[in-house]
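For reference, the structure discussed in these notes is given below.
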Amino acid sequence: MRRPRYHANLCAYVCIPMRPGEEWVAFKMAERGGRGSGGHGSLDKSITLPPDEIFRNLENAKRFAIDIGGSLTKLAYYSTVQHKVARVRSFDHSGKDIENEPLYEITVQEEITARLHFIKFENTYIETCLDFIKDHLVNTETKVIKATGGGAYKFKDLIEKKLGLKVDKEDVMTCLIKGCNFVLRNIPHEVFAYQKDSDTEFRFQTNDPNIFPYLLVNIGSGVSIVKVETEDKFEWIGGSSIGGGTFWGLGALLTKTKKFDELLQLASKGQHTNVDMLVKDVYGGAYQTLGLSGNLIASSFGKSTTADKEFSKEDMAKSLLHMISNDIGQLACLYAKLHNLEKIYFGGFFIRGHPVTMRTITYSINFFSKGEVQALFLRHEGYLGAIGAFLKGAEQDNPNQYSWGENYAGSSGLMSTSPDVYPMQRTRSGTFDMLEMDRLERPLVNLPLLKDPSTYIPDTVDLTDDAMARKYWLTCFEEALDGVAKRAAASQPDSMDALERAEKFRQKYWNKLQTLRQQPFAYGTLTVRSLLDTREHCLNEFNFPDPYSKIKQKENGIALKCFHSVIESLDSLDWEERQFALVKGLLAGNVFDWGAKAVSDVLESEPQFGFEEAKSKLQERPWLQDSYNQWLERLKEGPPHKCALIFTDNSGIDIILGVFPFVRELLSRGTEVILACNSGPALNDVTYSESLIVTERIAAMDPIIQSALKEEKLLLVQTGSSSPCLDLSRLDKGLAVLVRERKTDLVIIEGMGRAIHTNYYAAFKCESLKLAVIKNSWLADRLGGKIFSVIFKYEVPCQ
């Protein structure tokens with residue numbers, strides 16, 4: 001990091017930690033009232049701000065919005081991001097000897113996608129940040145910046161002067177609602193309940209596909225209560241003048257503490273019972289006739305009228321916090337009951353992620369609703385206004401027609417301010433928090449076959465709750481990191497900077513893992529899926545779009561050469577023997593998973609390890625989960641399924657020698673098949689584009705597959721995902737439409753990532769089959785088995 005240079009003028013240096021384990025950024029604070037802003041608390045322009053860490057991709061920014069509150073500024077902008085993608089293209093093999101030719105061509109191309117950036121920082125730094133943006137901004141398509149928040153008026157002239165953009169002010173509440181709808185719709189782990197006395201502070205909620213109606217309680221200086229019914233229909237139904245400003249103002253008078261955060265810090269150390277009069281102080285115990293606990297507050301500050309002593313600042317601050325929070329909680333409950341609403345989201349600067357405010361609000365809501373209503377908070381609550389203002393300015397592009405996904409590589413994550421949870425936690429003062437959202441190519445929706453989308457939870461184990469599992473998997477991913485970085489660099493042998501980029505990837509992902517060790521809730525519920533997805537995001541960030549592309553190309557080519565002999569062998573068996581051989585083939589194919597260390601070690605050390613060797617590794621029946629007999633009975637006695645939806649896993653032997661013979665058998669029974677593959681690469685999983693080439697080659701060898709393709713009884717589709725796991729609440733809309741049209745009545749999910757780490761407990765409206773081989777010793781032991789134990793779950797929905 002560049003060392004700060006002292007100038008002749010009086011100045012102070014503030015070191016700002018970006019994220020745990022990452023470089024610090026040096027800010028040089030000039031004397032107040034310096035050049036430019038005339039008292040906005042300006043900073044000298046010569047500070048060091050790394051654009052790749054804060055104002056990322058600023059040179060490609062297209063549109064801006066800003067939300068300026070009493071103490072924090074939230075900046076939003078849209079940019080186009082250029083990154084590398086791996087493409088596969090079939091060779092023209094006509095008239096050639098293809099025995100030793102690669103199956104297809106792999107090229108790495110540049111692709112441009114859209115990204116939303118949101119940055120949050122203290123108003124103290126606004127002038128410096130505007131200067132930095134101005135100096136680094138290459139081009140913008142608009143001459144207007146949408147602005148909201150009280151500070152939009154205060155800083156209007158400064159913004160227009162610095163950026164040369166006209167400030168167009170937007171209504172605060174409209175922006176908040178638009179922003180809230182956006183995060184509820186696009187970020188799966190957005191909503192959480194706060195639980196102070198549990199192992200983890202944050203209890204994330206299952207995303208309900210029906211986000212409306214809800215109550216938004218915005219606690220700023222006062223309290224606004226808004227009922228939201230649809231995307232554009234909402235109304236202010238009530239509020240109170242007793243809000244955050246009341247707490248701040250009375251707190252300042254009582255404690256002489258002028259800073260809001262310091263006042264909350266005092267409250268967190270205080271004991272309100274020293275100041276408040278409790279029920280037991282009045283009645284000598286509980287008031288049993290009314291069912292009131294003796295520890296319930298009967299009168300806020302009640303003891304100050306009788307006690308002949310000075311109260312501490314901490315105790316007074318805590319009493320005041322309870323008084324304000326209880327009032328707001330009761331008000332919110334009454335309005336929710338009046339309007340028959342079950343979901344109440346709290347936001348505003350009074351909340352701002354502070355544990356002490358969330359705890360008191362949670363207690364109040366629980367008490368006054370008798371546990372029927374839960375206080376809910378938003379992980380990105382601080383960005384709602386900026387998001388809404390941006391959306392208002394981008395209406396002509398209709399951003400809501402797309403689905404968006406959080407980019408973990410460029411987002412700070414939720415940070416607790418509780419010193420008990422994270423002793424190394426950066427101070428709230430002087431930090432920059434970031435949120436990045438990538439526009440996805442296609443809209444994502446629920447799988448229509450889910451039994452109840454509102455209660456569907458993709459992940460099998462919540463690592464946020466399970467400390468032992470969390471420790472194991474974080475260590476597992478740390479130990480695998482050097483190998484992943486090595487694999488990434490080796491995938492681009494002709495690149496001069498591949499090693500450098502691989503090391504940057506390694507450092508970034510390592511830092512993410514250390515953050516998650518301290519704050520497992522940073523990106524929502526911590527799961528094996530989120531750890532895998534974060535790794536994929538970091539690989540893409542440093543232009544490693546598909547580190548396993550050459551391995552997949554080679555393994556697909558080898559497997560295709562064996563396809564005909566495998567089919568011949570299967571066709572020689574009688575019906576019942578063939579059914580078991582098909583299932584065993586599916587399971588053996590699933591062994592070939594480069595994401596499992598036990599397997600990758602074998603594949604690297606034993607190149608001859610193949611299909612038959614994999615079969616010999618499988619657990620003998622009875623399997624760890626074994627409902628094969630029920631499946632066989634269903635095939636014998638029941639009619640053919642109308643249509644089967646199969647979610648595929650690995651390239652090579654898995655899809656070619658495992659999945660396709662199984663598909664062929666279903667087609668022979670008269671069942672149509674939808675084969676769903678990842679839209680983008682992840683580990684050695686087969687992608688949609690690779691599956692098209694593989695299927696074309698198989699069809700040339702097999703008349704059943706060829707006929708099914710021609711008659712559209714075999715359909716290949718993309719899932720909309722680029723993950724080794726599977727979230728059935730975020731699937732390609734085209735896939736969902738096809739599932740409905742074909743009246744799909746069988747779902748087949750294969751692989752450890754898709755059928756064990758996720759969807760192990762997923763319930764469907766139709767029959768389902770979940771198959772996997774457990775290739776991790778720790779997980780096998782957890783499930784009561786050994787490595788290479790088999791999961792075969794055939795489930796029929798209750799009538």
Side-chain angles (χ1 to χ4, degrees), residues 449 556 559-560 562-590 611 628 631-677 686 688 690-719 734-735 737-751 764 766-771 792 794:
L449 299 175
N556 283 332
L560 278 169
C562 304
F563 178 77
H564 186 68
S565 63
V566 168
I567 294 300
E568 276 191 338
S569 174
L570 288 167
D571 286 348
S572 68
L573 302 174
D574 64 40
W575 183 86
E576 193 160 322
E577 286 180 317
R578 187 166 69 251
Q579 302 315 306
F580 185 70
L582 285 164
V583 166
K584 196 169 181 180
L586 255 182
L587 294 166
N590 191 243
F611 195 38
Y628 174 74
W631 169 249
L632 186 65
E633 191 68 21
R634 167 63 180 86
L635 294 180
K636 280 182 181 179
E637 304 298 332
H641 296 91
K642 293 185 183 69
C643 180
L645 168 63
I646 303 179
F647 290 98
T648 62
D649 191 9
N650 306 305
S651 285
I653 288 176
D654 192 356
I655 187 169
I656 294 168
L657 304 185
V659 173
F660 263 101
F662 196 85
V663 167
R664 185 176 177 270
E665 184 73 13
L666 288 173
L667 292 168
S668 298
R669 282 175 55 83
T671 300
E672 295 181 351
V673 176
I674 301 170
L675 208 57
C677 306
V686 65
Y688 170 70
E690 291 161 350
S691 73
L692 293 175
I693 297 171
V694 165
T695 305
E696 180 187 13
R697 292 291 299 276
I698 290 175
M701 293 186 276
D702 189 275
I704 295 176
I705 300 296
Q706 187 176 59
S707 175
L709 281 173
K710 187 176 180 180
E711 296 171 14
E712 294 188 345
K713 292 180 178 178
L714 172 60
L715 299 149
L716 276 67
V717 295
Q718 52 186 314
T719 62
L735 169 57
V737 170
L738 195 58
V739 163
R740 285 196 186 95
E741 287 177 351
R742 296 300 172 114
K743 296 181 171 56
T744 303
D745 54 355
L746 174 64
V747 175
I748 301 174
I749 306 175
E750 65 137 352
F764 299 94
C766 63
E767 296 172 53
S768 64
L769 196 55
K770 300 168 188 174
L771 311 93
F792 188 99
Y794 169 60

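Note that the structure is predicted; figures quoted are calculated from it, not measured.
Looking at Tyr628, its side chain does come within 3.5 Å of a backbone N or O of Phe580 through a donor-acceptor pair. For the pair Ser668 (side chain) and Arg664 (backbone), a donor-acceptor distance under 3.5 Å is present. Of the possible polar contacts, one joining the Ser565 side chain to the Cys562 backbone as a donor-acceptor pair under 3.5 Å is found.
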Checking Leu746 against Thr671 for the side-chain contact (heavy atoms from CB on, under 4.5 Å) test, could you report, in this order, the C-alpha distance in whole Å, the side-chain angles of both residues, the deciding distance, and whether it holds? CA-CA 10 Å; Leu746 174 64; Thr671 300; 5.8 Å; no

Test side-chain contact (heavy atoms from CB on, under 4.5 Å) applied to Leu675 and Val663, step by step: CA-CA 9 Å; Leu675 208 57; Val663 167; 4.0 Å; yes

Pair Arg697, Ile656 - check side-chain contact (heavy atoms from CB on, under 4.5 Å), show working. CA-CA 10 Å; Arg697 292 291 299 276; Ile656 294 168; over 6 Å; no

Please lay out, stage by stage, how Ser768 and Ile749 fare under the test side-chain contact (heavy atoms from CB on, under 4.5 Å). CA-CA 8 Å; Ser768 64; Ile749 306 175; over 6 Å; no

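Nearest approach of Pro661 to Leu570, heavy atoms of both residues: CB-CD1, 3.6 Å. When all heavy atoms are compared, the tightest approach of Ala559 to Leu657 is O-CD2, 3.5 Å. Considering all non-hydrogen atoms of both residues, Phe611 and Ala588 come closest at CE1-CB, 3.8 Å. Closest of all the heavy-atom pairs between Ile674 and Leu735 is CG2-CD1, 4.1 Å. The shortest heavy-atom contact between Arg742 and Cys643 is O-CB, 3.5 Å. The two residues Leu738 and Val717 have their closest heavy-atom pair at CD2-CG1, 3.4 Å.
Contact of the Glu711 side chain with the Leu667 side chain is not registered, since no non-hydrogen atoms from C-beta on lie closer than 4.5 Å. In this structure, the side chains of Lys710 and Gln706 stay at 4.5 Å or more apart for every pair of heavy atoms. Contact annotation: the side chain of Asp702 approaches that of Ile567 to within less than 4.5 Å [non-hydrogen atoms, C-beta and beyond]. With contacts defined as side-chain heavy-atom distances shorter than 4.5 Å, the pair Glu750/Asp654 qualifies. For the pair Ile693/Asn556, no side-chain contact is recorded, criterion being any heavy-atom separation below 4.5 Å from C-beta on. Residues Val566 and Phe660 have side chains not in contact (no heavy-atom distance under 4.5 Å, counting atoms from C-beta outward). Here the side chains of Pro639 and Arg634 are in contact, with some heavy-atom distance below 4.5 Å. Between Thr648 and Ser691 there is no side-chain heavy-atom pair separated by less than 4.5 Å.
Distance check, rounded to the nearest 0.5 Å: OG1 of Thr744 to CZ of Phe764 gives 12.0 Å.
Under the side-chain contact (heavy atoms from CB on, under 4.5 Å) criterion, Leu635 pairs with Trp575, Gln579, Trp631, Arg669, sequence neighbours left out.
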